Protein chains: 2
Amino acid sequence: MLSERQLEVVLAVVYDYIQTGEPVGSRTLSKKYLTGRSAATIRNEMSDLEELGYLVQPHTSAGRIPTSRAYRLYVDTILQRRRAPHPEAERWISDLREQRRDVEGALAYISQLLTRVTQYVSVATLAPFQEIRLLRVDFLRMDSTHALAIVVVEGGLVHHKMIAFPCEIRQEELETLSRRINAVMVRRTWNEARNDLLQYVMSELREKEGNCRAAISEMDGLLSAQPFRFYRGGAHHLLAMPDFKDLGRLHAVFSLLEEESALVELVDNCTLNGTLTVTIGEENPEERMHDCSVVLATANAGGRKAILGLIGPVRMNYESSIAVLETVLEGLREDDGSEEEQRHVH
Amino acid sequence: MLSERQLEVVLAVVYDYIQTGEPVGSRTLSKKYLTGRSAATIRNEMSDLEELGYLVQPHTSAGRIPTSRAYRLYVDTILQRRRAPHPEAERWISDLREQRRDVEGALAYISQLLTRVTQYVSVATLAPFQEIRLLRVDFLRMDSTHALAIVVVEGGLVHHKMIAFPCEIRQEELETLSRRINAVMVRRTWNEARNDLLQYVMSELREKEGNCRAAISEMDGLLSAQPFRFYRGGAHHLLAMPDFKDLGRLHAVFSLLEEESALVELVDNCTLNGTLTVTIGEENPEERMHDCSVVLATANAGGRKAILGLIGPVRMNYESSIAVLETVLEGLREDDGSEEEQRHVH
DNA sequence: GCTAGCACTCATTGGCGACGAGTGCCAATT
DNA sequence: AATTGGCACTCGTCGCCAATGAGTGCTAGC
């Protein structure tokens with residue numbers, strides 16, 4: 001357990017290092033943060049803290065740099081205390097409320113807002129689709145052997161897929177198919193629909209029509225795809241950061257940001273625990289993220305459950321990042337129950 | 001006009017510089033490419049070529065580097081002569097034909113293929129939507145005041161938008177609306193539909209129902225949006241290239257790649273002229289692209305008209321980039337008229 | 001337990017010279 | 001007149017060295 005003063009030292013080191021990016025020495029601490037104590041005293045503390053795994057020095061005659069453990073301490077104290085709202089919070093919130101967009105448009109807008117304000121990388125997507133419910137399924141007949149399957153899910157999101165039937169299909173058949181599928185799929189979650197219901201429908205319909213079987217196996221394809229795209233923004237900001245002067249590290253991060261499947265894992269791992277999670281450097285299971293921190297928030301507004309996130313260097317400004325995310329959450333939350341929200345739900 | 005030998009020198013410089021990335025000197029040329037002539041002779045030619053604007057030297061006592069003008073010459077000779085197909089061309093073409101995907105899936109697949117093979121940045125999207133025709137419009141009634149508008153365009157692409165009506169709307173009204181809109185919009189291009197027809201419908205319907213007016217103005221919103229997303233890939237490859245060791249240049253390129261509107265302009269400017277266009281460095285009107293070259297191809301297969309592109313450093317391997325793009329075009333062209341193609345068109 | 005002092009470490013910086021690749025020019029050659 | 005060999009010159013790069021200075025660890029004294 002850390003003493004009161006050790007804690008002070010660790011937090012001061014993190015705070016100063018986040019601002020300057022330079023290793024911080026005992027002198028600086030003594031002058032700027034712990035004016036009561038002399039540099040020598042702080043040197044001793046720092047030496048202890050290094051053994052405890054909170055600080056490291058890049059080389060002998062340099063100041064100390066915080067480890068992820070130190071950042072963790074710092075972030076936890078931030079998360080505990082009440083944060084002052086961002087000065088422009090009011091404006092964003094009203095901006096967000098004015099925007100009358102569909103879900104995709106809203107996510108794109110939010111992603112842009114986040115990256116513009118913070119200068120970090122932003123991601124926005126819909127929450128794990130496993131929990132999102134289907135509202136209805138329609139079939140539009142295109143020609144004698146094709147129909148467009150349209151799946152509407154909670155939050156007004158729509159997915160579609162062109163379905164080819166092995167032989168001709170009439171309008172009435174399509175309507176029957178639609179009624180049956182709706183009867184079993186409506187209000188089920190995406191995953192339920194895929195895992196259980198399609199099996200059930202398939203076995204029930206097996207003997208009847210080859211047409212339906214083919215259609216259903218194509219529907220399965222529709223449901224198995226990652227249904228929601230990621231809205232990313234601001235990746236280029238990383239290039240301007242001194243933390244990423246090393247191209248190798250940049251390469252790792254960028255290759256991950258371009259891999260949709262890696263992003264899915266990123267948000268999957270981080271959102272199980274709560275509403276706002278911070279993953280710092282090596283805490284992230286994905287090695288390519290070891291030089292980055294990820295702040296994720298889940299916006300739970302009515303039918304749509306979104307994940308918003310900011311990705312920056314480990315040395316990122318957690319305080320403002322968290323504040324900005326919370327402000328956006330606030331702006332979305334106020335939508336709840338309002339006219340905008342009810343619009344697409346039932 | 002350049003002499004025969006001057007031409008040889010320019011092409012040799014470009015060829016060697018593309019391979020090595022180092023300024024190339026008279027000695028190298030004399031030994032590797034123009035074995036008949038001595039270094040001194042070539043020095044004189046190079047000096048002339050520098051005055052003519054084909055070569056520059058980064059500093060005295062360094063070799064020469066080609067200018068965009070020299071690259072242009074080089075690329076034009078490549079485009080004129082017949083190119084050998086890529087050794088793996090067969091496999092890609094059959095891969096492409098085996099893929100039974102919808103248009104979006106196909107674009108994503110092609111984008112990945114391009115970047116995997118070339119290690120450059122790839123883009124794929126649908127051609128200027130101004131020319132793409134609407135096939136039909138449907139309305140699905142969601143609740144008493146909402147309907148989902150579904151627009152199917154050539155190539156099986158689907159767009160949708162949730163439409164809110166100012167007051168309640170019945171199923172029959174929707175069907176009437178749908179019939180009317182279809183009557184005037186079907187087989188029109190995206191732009192025609194937006195500019196002329198909606199105006200017409202609006203004025204005709206003005207006196208009848210406020211409901212319809214509201215719906216149509218929302219439809220306008222649907223048609224005014226950039227309808228097709230860009231599939232990008234491989235941006236991180238740029239980080240590994242020695243040409244981009246300067247972070248400032250990288251920053252410019254990346255910020256452009258993240259701006260959808262900039263990408264739209266990029267492909268707009270380049271595809272007016274023909275089937276396969278190469279834009280080299282400063283030839284590009286967009287300043288941020290001055291360190292990159294862009295190879296664009298338009299795939300004109302049946303109902304779907306796609307734009308495929310590769311973006312690399314000015315020093316990119318044009319020969320293989322062009323060959324790869326042409327191979328992919330080949331793979332798509334063979335689809336034409338086949339079962340896959342007819343699938344979504346009418 | 002705290003602090004002042006001191007010796008020590010080590011990354012950074014700037015100056016200096018050697019090196020070498022490449023050029024420009026000129027005189028000699030074909 | 002075109003080509004070529006020779007030669008002086010330029011200039012970026014590399015390695016070396018000494019000076020600098022920030023920061024530490026340790027110890028003795030308060």
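Treat the numbers as computed from the prediction; the structure is a model and nothing was measured. All chains are named by letter (A, B, ...) in the order of the sequence lines, taking the proteins before the strands, and each is independently numbered beginning at 1. The analysis underlying the following values was restricted to heavy atoms, covering all of them including side chains, and did not include hydrogens, waters or symmetry mates.
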For residues S68(A) and E283(A), is any side-chain donor paired with an opposing acceptor at under 3.5 Å?
no

S47(A) vs R5(B), nearer the 5' end of DNA chain D by closest nucleotide
R5(B)

Has S26(B) got a side-chain N or O lying under 4.0 Å from the OP1 or OP2 atom of dT23(C)?
yes

Are E260(A) and R232(A) close enough, and set up right, to give a salt bridge (Lys or Arg N to Asp or Glu O under 4.0 Å), and what steps lead you there?
CA-CA 10 Å; E260(A) 191 124 321; R232(A) 274 192 293 103; over 6 Å; no

Just to be sure I understand the rule, does A62(A) reach a base, reach only the sugar-phosphate, or reach nothing, if contact means heavy atoms closer than 4.0 Å?
sugar-phosphate

Is there a salt bridge (Lys or Arg N to Asp or Glu O under 4.0 Å) between R288(B) and E259(B)? Walk through the geometry before answering.
CA-CA 12 Å; R288(B) 288 175 287 178; E259(B) 240 178 68; 3.2 Å; yes

Once you round it to whole Å, what is the distance between P of dC2(C) and CZ of R37(A)?
6 Å

Do any N or O atoms from the side chain of R249(A) and from the backbone of M289(A) form a donor-acceptor pair under 3.5 angstrom?
no

What is the first contacted nucleotide of DNA chain D and what is the last, in 5' to 3' order, if contact means an atom lying under 4.0 angstrom from a heavy atom of chain B?
dT3(D) to dG12(D)

Whole angstroms only, please: what is the CG-C1' distance between L55(B) and dT23(C)?
14 Å

E88(B) vs R91(B), salt bridge (Lys or Arg N to Asp or Glu O under 4.0 Å): CA-CA, chis, key distance, verdict
CA-CA 6 Å; E88(B) 297 220 45; R91(B) 216 159 57 80; 2.9 Å; yes

Do any N or O atoms from the side chain of S122(A) and from the backbone of S111(A) form a donor-acceptor pair under 3.5 angstrom?
yes

Rounded to the Å, how far apart are N44(B) CG and dT23(C) P?
11 Å

note: R43(A), atom CZ; dG5(C), atom P; distance rounded to Å ~ 12 Å

Ionic contact status for R81(A) with E319(A), cut-off 4.0 Å:
yes

5' precedence on DNA chain C between G63(B) and A40(B) (nearest-nucleotide basis):
G63(B)

Please give, in whole Å, the distance from dC25(C) P to E50(B) CD?
12 Å

Using whole Å, report how far CD of E51(B) lies from P of dT23(C).
15 Å

Rounded to whole angstrom units, what separation is found between the CE atom of M46(B) and the P atom of dA21(C)?
16 Å

